[in-house]
Amino acid sequence: MAAKNRPVVLTGDTPTGQLHLGHYFGSVKRRVEMQDSHECYFLLANMHAFTTRADKSEEIRNDCFDIVLDHLAMGIDPDRSSIFLQTEVPAISELTYLFAMLLPFNRVLRNPTLKDEIKVKGLGDNYSFGFPLYAVGQTADILAFRAHSVPVGEDQVPHLELTREVARRFNQMYCGVSDQAEDHEHVELGGVFPVPLADVGKIGRLVGTDGVNKMSKSLNNAILITDTPKQVRKKMGKLYTGRQSPTDPGDTDNALFHYVDVFIEDPDRIAELRDRYSRGDNIGDGEIKVEIAESISKLLEPMQERRRAYEGDRDRILAILKEGSEKAIASTEATLNAAKEAANLHFFDRTIRYS
Ligand code: ATP
Ligand code: MG
């Protein structure tokens, strides 16, 4: 398919540390699969990392390099996809400001993902003004590329809903699109922005090794892409089911079987484990955990090998980010231009380029 006619995909990660299996199954795995059929942009949300860690700018910068290494490890190919820095793309900030005018303040604050984050990260009522603003910023991340779909985990769906609202409102307010128009008709009716779809995969929420919460770096329940087989076994060992003995009939709706379903490849083996576990047929949680851990390490091994090939080569990573950012700038400047024309904000043409 000619690159120009491919549907556009935009998604990304906040540099809050190394990536983990939740990121892989929630989003990155599908990114890898889309590289030939879609025009792919993968963003490092380094400005959004400042919303809660403005005092840790050096860590955030280092996390950016780590994330690129993890991307490459998981199979993202910089020759086919653009990996770029949010802060290198001015159109995103400019659209954030404009979109902030299109959303009621209280609508942004009602976003359940923001509320969850405030609770989970213990932000209380002292979070920065920029913290809720990041939800608006995320609408700009996506719409700046006029993305058609956004491969994300389940927690991102409220953000996508906000993005869809911004796209509709902009197209109705400035492009004469009727408020009766269907979402898929917006562009053909003259709207600048497609109304994008959240593309949540089969595993929209990978549970962490605490067996309860979403796998998350900040909750210390994550298996990292770089974890050694020993670390994986240790983390899996912590998964608590409450089952006492290998002869107790177990509940296969528990977190252990969430892992079995995700990580054991052979469907016959999954069926066998389910059957024996539910009957208490002399099968311990421990042996299942070891089997899962082995399967995880088998998945991680080639990733870690690829990662090692790039480690320590910051110049190479910088070159990837520069090329990705240049492509992102080209795409988003065109969008910004169209948006400014529609909103009567266009006065002069401009070109942005690196020296
Ligand atoms: P962390 O809490 O570990 O920093 P995060 O959710 O804040 O992770 P983001 O950078 O916000 O990380 O998310 C990047 C992508 O990965 C998003 O699409 C998100 O939905 C997805 N994701 C992250 N954790 C999981 C998970 N445990 N299961 C499924 N998808 C996930
Ligand atoms: Mg997050």
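Position 1 is the first residue of the sequence, and the numbers go up from there. Worth saying up front: this structure is predicted, and the values here are computed from it rather than measured. First listed ligand is number 1; within each ligand, the first listed atom is number 1.
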Could you check if a side-chain atom of Val166 sits within less than 4.5 angstrom of a side-chain atom of Val136, using non-hydrogen atoms only? no
Side chains of Glu161 and Thr113: does their closest heavy-atom pair fall under 4.5 Å? no
Any N or O of Thr14 that comes nearer than 3.5 Å to an N or O of ligand 1? yes
Quick check: Asp155 and ligand 1, any N/O pair under 3.5 Å apart? yes
Can you check whether Phe193 and Tyr174 have ring centres sitting under 6.0 Å from each other? no
Considering distance alone, does some N or O of Ser216 sit under 3.5 Å from an N or O of ligand 1? yes
Are Val260 and Ile292 packed together at the side-chain level, in the sense that at least one heavy-atom pair is separated by less than 4.5 angstrom? yes
Any chance CZ of Arg80 has more than 12 other-residue heavy atoms, nucleotides or ligands included, within less than 6.0 Å? yes
Out of Gly12, Gly153, Gly22, whose heavy atom sits nearest atom 31 (C) of ligand 1? Gly22
With a 4.0 Å cut-off on heavy atoms, is Ala222 in contact with ligand 1? no
Checking heavy atoms under 4.0 Å, the part of Asp13 that sits near ligand 1 is both
Considering Lys214, His20, Glu154, His23, which one's heavy-atom position lies nearest to atom 13 (O) of ligand 1? His23
Should the ring pair Phe84 and Phe145 be called parallel, tilted or perpendicular, given that the plane angle runs from 0 to 90° and is split at 30 and 60? tilted
Hydrophobic cluster partners of Phe105 (side-chain heavy atoms under 4.5 Å): Leu109
Measure the spacing between CE of Met74 and CD1 of Ile225 and express it to the nearest 0.5 Å. 4.5 Å
In ligand 1, the atoms that come under 4.0 Å of a heavy atom of Met215 are 24 (N), 26 (C), 27 (N)
Could you tell me whether Leu206 and ligand 1 have an N or O pair separated by under 3.5 Å? yes
Under 3.5 Å between some N or O of ligand 1 and some N or O of Pro151? no
With heavy atoms only and a cut-off of under 4.0 Å, state how Thr16 meets ligand 1: side chain, backbone, both or neither. side chain
Tell me which part of Arg205 gets within contact of ligand 1: side chain, backbone, both or neither, using heavy atoms under 4.0 Å. backbone
Can you check whether Tyr277 and Phe257 have ring centres sitting under 6.0 Å from each other? yes
Numbering as shown, the atoms of ligand 1 that approach Val152 to under 4.0 Å (heavy-atom distance): 18 (O)
